[in-house]
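Below: one structure, written as structure tokens.
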Amino acid sequence: MPTPYDWSFDKILGVFRFQGNNGADYEVALKEAGDVYFSNFPEIKSLSYEIAFESSRASSHYDERVSLTIVEIVKAILQKGSIIIFVCESRDEKQNARHKLFANWFKKYGDGFEKYDFEFDDERPYYLSLLLDANKHTRPQLIIDEFERTIDEYCGYKNT
Amino acid sequence: MMNTRPHPSKTVRYFKQTPPFVKRMAEDKRCLQAYMRGEMTKEELLQRGIKLANPL
């Protein structure tokens, strides 16, 4: 049974770090977010973070332990009552693959958590997701509604 | 407190232009990745308004 790698927060670099069996270093960075989506709700805004991942080398094969470790870090953050927002971007045309990977992770490991996806069928597609542990929030629906309302203000027509 | 919520996930599709703040998020994410690759400094992130955080 695969287990997560040991991970820790590097106070100097300001990122979560772990090393895979292939010798690659993996990092998870979070930035404060929420200004756009929750400006009217300071108590929610202060709980919102955007997330990014990076590895020191391209992996030659799928390592489930890497996925498990990232999932463990994300779960630890969500269980603290934080909200994670992430975007799959289109620069390298791999956004569909990333979006499917995150969807697969959520299906496999996401019990007890909630994920809301927003897809933009632009010239190049963007995928935006919000993750939370609803049990850690007194008004989880308000968070989702406010997030969606902000997007709706920019995008009139949608198909759910 | 346990919330019983009927729909733990949802997908909304928009057929209009991506909001500028979503594109900005994507740019910020690229900066974070550049920082983790050692191609940007923490000061450069701050100049873009990107403040690293540890929610734990």
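All figures in this text were calculated on a predicted structure; none of them were measured in a lab. Order of the sequence lines sets the chain letters (A, B, ...), proteins ahead of strands, with each chain counted from 1.
No continuous path of ILVMFWY side-chain contacts below 4.5 Å connects Phe86(A) to Ile50(B), so the two sit in separate hydrophobic clusters. Under the 4.5 Å side-chain heavy-atom criterion for grouping Ile, Leu, Val, Met, Phe, Trp and Tyr, Phe18(A) is not connected to Val15(A) through any hydrophobic cluster. If you chain together hydrophobic residues whose side chains sit under 4.5 Å apart, Phe21(B) and Tyr116(A) fall into the same group. Leu56(B) and Leu32(B) fall into different hydrophobic clusters, where Ile, Leu, Val, Met, Phe, Trp and Tyr are joined by side-chain heavy atoms under 4.5 Å apart, directly or via other members. Under a hydrophobic-cluster definition in which Ile, Leu, Val, Met, Phe, Trp and Tyr are linked whenever side-chain heavy atoms come within less than 4.5 Å, directly or via other members, Val22(B) and Ile143(A) are assigned to the same cluster.
Put simply, the side chain of Tyr35(B) gets close to the backbone of Leu13(A): a donor and an acceptor are under 3.5 Å apart.
The side-chain heavy atoms of Tyr126(A) and Pro19(B), taken from C-beta on, include no pair separated by under 4.5 Å. Within the 4.5 Å cutoff, no side-chain heavy atoms of Asp117(A) are placed close to those of Val12(B).
Here the closest non-hydrogen pair linking Gln33(B) and Ala52(A) is CG-CB, 4.3 Å. Among all heavy-atom pairs drawn from Ala53(B) and Phe9(A), the shortest one is O-CE1, 4.1 Å. Pairing each heavy atom of Gly14(A) with each of Lys42(B), the nearest pair is N-NZ, 4.3 Å. Across all their heavy atoms, Ala29(A) and Leu52(B) have their closest contact at CB-CD2, 4.1 Å. Summarising the geometry of Tyr37(A) relative to Met25(B), their closest heavy-atom pair is OH-SD, 3.4 Å, with the distance given to 0.1 Å. Considering every non-hydrogen atom in both Val28(A) and Met36(B), the closest pair reads N-SD, 4.0 Å.
Interface remark: Phe118(A) contributes backbone and side-chain atoms alike to the contact with chain B (heavy atom separation under 4.5 Å). For a residue to count as touching a neighbouring chain, one of its non-hydrogen atoms must lie under 4.5 Å from one of that chain's; by this rule Phe16(A) touches chain B with the side chain only. For chain B, no part of Ser56(A) is nearby; none of its heavy atoms comes within less than 4.5 Å. Contacts of Ile12(A) with chain B are made by backbone atoms alone, with heavy-atom separations under 4.5 Å and no side-chain atom involved. For Phe106(A), the part lying under 4.5 angstrom from a heavy atom of chain B is the side chain only. Contacts of Lys51(B) with chain A are made by both backbone and side-chain atoms, with heavy-atom separations under 4.5 Å.
Chain B forms the most heavy-atom pairs under 4.5 Å with one residue out of Ile73(A), Val36(A), Asp35(A), and that residue is Val36(A). Ranked by non-hydrogen atom pairs under 4.5 Å with chain B, the options Ile51(A), Asp25(A), Thr150(A) are led by Thr150(A). Most heavy-atom pairs under 4.5 Å with chain B, from the set Leu132(A), Ile77(A), Leu130(A), Leu47(A): that is Ile77(A).
A salt bridge links Arg37(B) with Glu54(A); the closest basic N to acidic carboxylate O contact falls under 4.0 Å. Salt bridge Lys10(B)/Glu114(A): absent, no basic N to carboxylate O contact under 4.0 Å. Salt bridge status for Asp28(B) with Lys31(A): present, with a side-chain N to carboxylate O gap under 4.0 Å.
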Decide yes or no on side-chain contact (heavy atoms from CB on, under 4.5 Å) for Leu30(A) and Asn54(B), but give the supporting numbers first.
CA-CA 7 Å; Leu30(A) 291 111; Asn54(B) 177 11; over 6 Å; no
